[in-house]
Amino acid sequence: MTDNGSSLRVGIIIFLLMSIFLLATLNTTMTPDISTTTIISSTETSNRTHSVPSKEWITRQMDKAYRALKSSYTPPSNYTEVTQPQTYYRPNINVFLTAIPKNGCSNWKVAMLRAEGVLNERAEEHVANNAEWIHGWVSHAYRMPQYRNSWNTTYDERIKSVQSVLVLRNPWVRAVSAYRQKLSSEQRSGGVLYGLQKWVVERMRGEGSWKGKDDSPSFIEFIKYSIEIGGIGDRHFRPQWKYLSHDLIRYDHVIPLELAAQMVGPLFAELDIDRKNLEGSYDHTSDPRNQSSVVKARELLSSLSLELVEEFYKIYKIDFMLLNYSNFTDPNFPLPVGYY
């Protein structure tokens, strides 16, 4: 009996060791083939690091979205034909930027204008005291639709070697942020769109029901209104993919806004821009999963029924594909899925 018992114990031990080896092998083979780079966050005071997606991983994700859009793009990129009003060319630094509203576009515009040498001391004071000023005449002249009118072949050769930059954001967080700033009564910076506020309220409650500027639609009314009309056309709510000129160009640098703090240093170094950090960050929380905008988005979206969530998701489906963005139920929300 002793020999049999010993043999049995040995057999069990061998079985357990083989099982552990097999599980380790399976975990290795099931891990996505995604290369990542670890960069110390410029906003961190500790040794904590975040993993950021590689250019190769980002390109693969973007290509999936382009295929879904049936993009007719053929290389090389044709920047001179881009007509999207949210696209900007800075000839001195030779950088092409698509600044999508609600994706930190004010900060990115300011950073590029500084690098371009446009902002003097007086202009810097305007920027500090009036964020909306940066969206006006100081940026207007650099928008591609206007720039093309006075181009006269001046930059035809130079723009062939341009570095193009695109900043994307988790669609859930962006949509909630747009609602809170442009439709709700939270009195956030940027200004409420009262005309749109009135349309939403009266569509949901009946004609003549809007009581004035303090009468904002609830979050669920905003969701239902968006679903009924197939998505709000205002630029703050418009899906991100509609800004991409995907039939004409491909971007050299695509930055998830959630990881911009970690990625902007290497990006600006590659662009040979002196400023290594974006200033005026909306939220200085080091972990993007704990930022106030993310916490609020999770809270509001969790209050919706599954049916409403699924219908609202359809409006931004392609936006989720762009960087394989996570759902608000994911523990790593709002980060892209699969790179970490």
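Numbers here simply count residues along the sequence, with the first being 1. Computed over heavy atoms, backbone and side chain alike; hydrogens, waters and symmetry mates excluded.
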Can you see which heavy atom on [X] is nearest to which on [Y], and at what distance?
X	Y	value
Pro217	Leu183	CD-O, 3.4 Å
Lys102	Ala178	CE-N, 3.8 Å
Pro334	Ser326	C-OG, 3.3 Å
Ile273	Met112	CD1-SD, 4.0 Å
Ile315	Ser226	CD1-O, 3.5 Å
Ser51	Tyr339	O-CE1, 2.8 Å

Salt bridge (Lys or Arg N to Asp or Glu O under 4.0 Å) pairs, two or more places apart, involving residues 295-305: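 Those involving residues 295-305 are Lys296-Glu299.
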Selection residues 192-201 - residue pairs positive for salt bridge (Lys or Arg N to Asp or Glu O under 4.0 Å), sequence neighbours left out: Lys198-Glu202
Results of side chain to side chain donor-acceptor pair (under 3.5 Å) for Trp241 - residues two or more places apart only: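 Partners of Trp241 under the side chain to side chain donor-acceptor pair (under 3.5 Å) test: none.
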From [X] atom [atom1] to [Y] atom [atom2], the distance as rounded to the nearest 0.5 Å:
X	Y	atom1	atom2	value
Leu196	Tyr194	CG	OH	12.5 Å
Leu259	Ile255	CG	CD1	9.0 Å
Leu193	Gln181	CG	CD	8.0 Å
Lys317	Leu322	NZ	CG	13.0 Å

Can you find a pair of side-chain heavy atoms, one from [X] and one from [Y], that are under 4.5 Å apart?
X	Y	value
Asn170	Pro336	no
Ser177	His236	no
Leu271	Ile93	no
Phe333	Val173	yes
Val165	Phe96	no

Is it the case that the side chains of [Y] and [X] hold a donor-acceptor pair, with the cut-off being a distance below 3.5 Å and no angle test?
X	Y	result
Tyr88	Ser139	no
Asp214	Ser216	no
Lys213	Gln197	no
Ser72	Asp247	yes

What residues, two or more places apart in sequence or in another chain, satisfy ring pair (Phe, Tyr, Trp, His ring centres under 6.0 Å) together with [X]?
X	answer
Tyr225	none
Tyr179	Phe219, Phe222
Tyr66	none

Short side-chain to backbone donor-acceptor contact, [X] and [Y], under 3.5 Å:
X	Y	value
Gln84	Lys242	yes
Gln86	Tyr243	no
Arg238	Gly233	yes
Glu221	Val200	no
Ser305	Leu308	yes

Cationic tip of Arg90 above Tyr142 ring, under 6.0 Å, 45° of axis: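 Flagged: Arg90 positioned over aromatic ring of Tyr142.
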Set of residues satisfying side chain to side chain contact (heavy atoms under 4.5 Å, CB included) with respect to [X], sequence neighbours excluded:
X	result
Ala175	Phe312, Tyr316
Ser77	Tyr73, Tyr79, Ile249, Arg250
Thr329	Asn327
Glu270	Lys55, Gln163, His253

Hphob cluster co-occupancy, Ile229 + Phe237, side-chain heavy atoms under 4.5 angstrom: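 Yes, Ile229 and Phe237 fall within the same hydrophobic cluster.
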Cluster link Tyr313 to Ile232, ILVMFWY, side chain under 4.5 Å: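 Result: yes, single cluster for both.
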Contacts under 3.5 angstrom, residues 153-161 side chains, donor-acceptor by atom type, not counting sequence neighbours:
residue : atom : partner : partner atom : Å
Thr154  : OG1  : Trp151  : O            : 2.6
Asp156  : OD1  : Trp151  : NE1          : 2.6
Glu157  : OE2  : Lys160  : NZ           : 3.0
Arg158  : NE   : Pro91   : O            : 2.7
Arg158  : NH2  : Pro91   : O            : 2.9
Arg158  : NH2  : Asn92   : O            : 3.0
Ser161  : OG   : Asn94   : ND2          : 3.3
Ser161  : OG   : Arg158  : O            : 3.0

Passing option when [X] is tested against [options] for side chain to side chain contact (heavy atoms under 4.5 Å, CB included):
X	options	answer
Leu166	Ile58, Leu244, Leu97, Asn103	Leu244
Trp172	Asp319, Leu300, Leu301	Leu301
Ile100	Val167, Leu168, Thr87	Leu168

Worked check of side chain to side chain contact (heavy atoms under 4.5 Å, CB included) between Asn78 and Glu81: CA-CA 6 Å; Asn78 185 0; Glu81 296 301 318; 3.1 Å; yes
Residue list, salt bridge (Lys or Arg N to Asp or Glu O under 4.0 Å) with Asp215, at least two apart or on another chain: Arg205
Greater than 12 external heavy atoms within 6.0 Å of Lys109's NZ: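 Enclosed: over 12 neighbouring heavy atoms sit under 6.0 Å from NZ of Lys109.
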Audit row: Arg203, Trp199, side chain to side chain contact (heavy atoms under 4.5 Å, CB included) steps and yes/no: CA-CA 6 Å; Arg203 175 72 175 248; Trp199 295 335; over 6 Å; no
